[in-house]
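This structure is a prediction, so every number in the text was calculated from the model and none was measured.
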There are 2 protein chains.
Amino acid sequence: MSNNQFKRGELYSVINGMATTAVARRLQKNFRNAGLEITIEQWSVLYHLWKEDGLSQLELGNRTFRDKASTTRLIDNLEKQELVTRIASKDDRRINLVYLTDTAKPLQQITYELANKTMNEALQNISKEEIEVVKNVLQRVYDNLTSKDLI
Amino acid sequence: MSNNQFKRGELYSVINGMATTAVARRLQKNFRNAGLEITIEQWSVLYHLWKEDGLSQLELGNRTFRDKASTTRLIDNLEKQELVTRIASKDDRRINLVYLTDTAKPLQQITYELANKTMNEALQNISKEEIEVVKNVLQRVYDNLTSKDLI
DNA sequence: GACATATAGTTAGTTATGCAACTAATATAA
DNA sequence: TTATATTAGTTGCATAACTAACTATATGTC
């Protein structure tokens with residue numbers, strides 16, 4: 001059917017995502033060592049709000065590749081830590097717009113530096129060209145698996 | 001320090017692992033559609049036992065990149081479903097050797113086919129050379145982040 | 001305007017993850 | 001041989017994931 005037949009031993013490492021997991025763990029560790037209490041999942045939400053504040057929960061879910069139930073709970077926890085607040089949209093009261101608090105704002109710079117540091121640790125001795133290939137391939141993998149759902 | 005400085009917008013997609021997540025979701029969906037009740041995490045353990053039965057929990061944790069607590073619970077659930085059994089090692093009674101049951105054995109062929117199908121879906125129009133680059137880079141990322149822990 | 005449908009978000013239930021503290025068994029050192 | 005340290009596994013606690021069922025608001029059609 002396709003020419004991508006895998007030898008048994010190759011399958012697992014591709015699916016497993018061990019590199020992604022290792023990056024996530026290292027970033028979490030770097031956060032912890034810097035005294036930051038947030039999880040990388042929480043950070044992924046803040047990351048998008050720093051780029052554009054006041055997104056709806058659904059839009060945040062889309063941008064962070066989460067379903068709405070997961071997004072709800074993540075924002076519950078962020079709200080508990082007083083990093084974001086939910087404000088119902090005036091136009092459509094079904095919609096919660098999520099806004100950063102003043103507590104969250106100073107975290108932007110330091111978490112960005114720690115993320116950058118983490119990526120430098122992860123990508124030692126890997127060339128820009130290789131990184132480009134990886135990013136390109138992973139994007140196409142994602143597209144292969146999500147565009148079909150629309151048919 | 002390093003030459004791998006990322007533009008802000010590039011950071012997230014690399015760390016996020018959206019492609020890995022998409023592959024995992026698709027594989028889970030393909031399992032479900034085939035009437036299989038197992039999670040991909042459970043499958044990842046079975047996968048290694050099919051290659052070599054009777055591994056210790058610690059060894060299974062190493063091969064599936066999990067800590068021992070996660071491994072314990074995963075095997076709890078596999079045991080509940082009667083897919084594996086724990087047998088204490090005669091040489092060292094601290095060690096649990098994990099063995100496949102007769103219930104688990106017929107799953108090997110079908111899950112392998114479903115995993116293969118999933119990879120074919122994921123890797124449409126991606127060349128063998130590109131896949132090689134990705135595998136190689138992800139392995140080096142993993143090594144970059146784990147070898148340091150040994151110092 | 002009333003009824004059916006769609007949308008945004010929440011909740012319940014199950015599985016999985018990581019860390020830290022713990023138990024039991026084994027190995028090492030005095 | 002007794003005390004100490006190490007190792008394999010378990011348990012408690014917190015966060016997070018997905019599915020499915022639910023509530024509340026909005027939209028569309030007759």
Interatomic distance where CZ belongs to F31(B) and C1' belongs to dC18(D) [whole Å]: 16 Å
Any luck finding a side-chain donor-acceptor pair between D143(A) and Q139(A) under 3.5 Å? yes
Taking only side-chain nitrogens and oxygens of T39(B), does any of them come within less than 4.0 Å of OP1 or OP2 of dT15(C)? no
Grab the CD1-C1' distance between I95(B) and dT6(D) for me, whole Å please. 13 Å
Is a donor from one side chain sitting under 3.5 angstrom from an acceptor on the other, for S89(B) and D92(B)? no
Scan D76(A) against the nucleic acid and name what it touches under 4.0 Å (heavy atoms): base, sugar-phosphate only, or nothing. nothing
Given dT10(C), is OP1 or OP2 found less than 4.0 Å from the side-chain N or O atoms of N96(A)? yes
Nearest-nucleotide check on DNA chain C, R32(A) vs E41(B); residue mapping nearer the 5' end is E41(B)
In whole angstroms, how far is the C1' atom of dT7(C) from the CG atom of N62(A)? 13 Å
Heavy-atom nearest nucleotide on DNA chain D for D67(A) versus Q42(A): which residue maps closer to 5'? Q42(A)
Nearest-Å distance for atom pair CG/P, residues L60(B) and dG9(D): 9 Å
Phosphate contact (dT10(C) OP1 or OP2) by Q57(A) side-chain N/O below 4.0 Å: yes
If I take atom CZ in residue R25(B) and atom C1' in nucleotide dC18(D), what distance separates them, rounded to the nearest angstrom? 8 Å
Straight-line distance of T64(B) OG1 to E59(B) CD, nearest 0.5 Å: 9.5 Å
Value in whole Å for how far the C1' atom of dG18(C) lies from NZ of K29(A): 13 Å
Can you see if the side chain of R66(B) gets near the phosphate of dG18(C) - specifically, an N or O under 4.0 Å from OP1 or OP2? no
Check whether any side-chain N or O of S70(A) sits under 4.0 Å from OP1 or OP2 of dA16(D), and answer yes or no. no
Could you check how far CG of L74(A) sits from P of dC18(D), rounded to whole Å? 11 Å
Using distance alone, with no hydrogens and no angle criterion, decide if S127(A) and E130(A) have a side-chain donor and acceptor under 3.5 Å apart. yes
Heavy-atom nearest nucleotide on DNA chain D taken for R73(B) and for S56(B); more 5' hit belongs to S56(B)
OP1 or OP2 of dT10(C) versus the side-chain N and O atoms of R86(A): is any pair under 4.0 Å? yes
Can you list the steps and then say if E113(A) with K117(A) is a salt bridge (charged side-chain N to carboxylate O under 4.0 Å, His left out)? CA-CA 6 Å; E113(A) 282 163 14; K117(A) 177 188 167 207; over 6 Å; no
With F31(B), the side chain to side chain contact (heavy atoms under 4.5 Å, CB included) member among T118(B), I110(B), L107(B), T111(B): T111(B)
Ranking dA20(D), dA8(C), dT15(C) by distance to the side chain of L58(A), first place goes to dA8(C)
Short side-chain N/O contact from Q28(B) to OP1 or OP2 of dT19(D), under 4.0 Å: no
Could you check, using the six-membered ring where one of them is a Trp, whether Y142(B) and F65(B) have ring centers closer than 6.0 angstrom? yes
Rounded distance in Å - CD1 (I38(A)) to C1' (dA14(D)): 16 Å
With the side chain counted from C-beta on, respond yes when L97(A) and L55(A) share a heavy-atom pair under 4.5 Å apart, and no when they do not. no
What's touching nucleotides 22-27 of chain C from the protein side, N or O pairs under 3.5 Å?
unit_1: dT26(C); atom_1: OP1; unit_2: R93(B); atom_2: N; d: 3.0

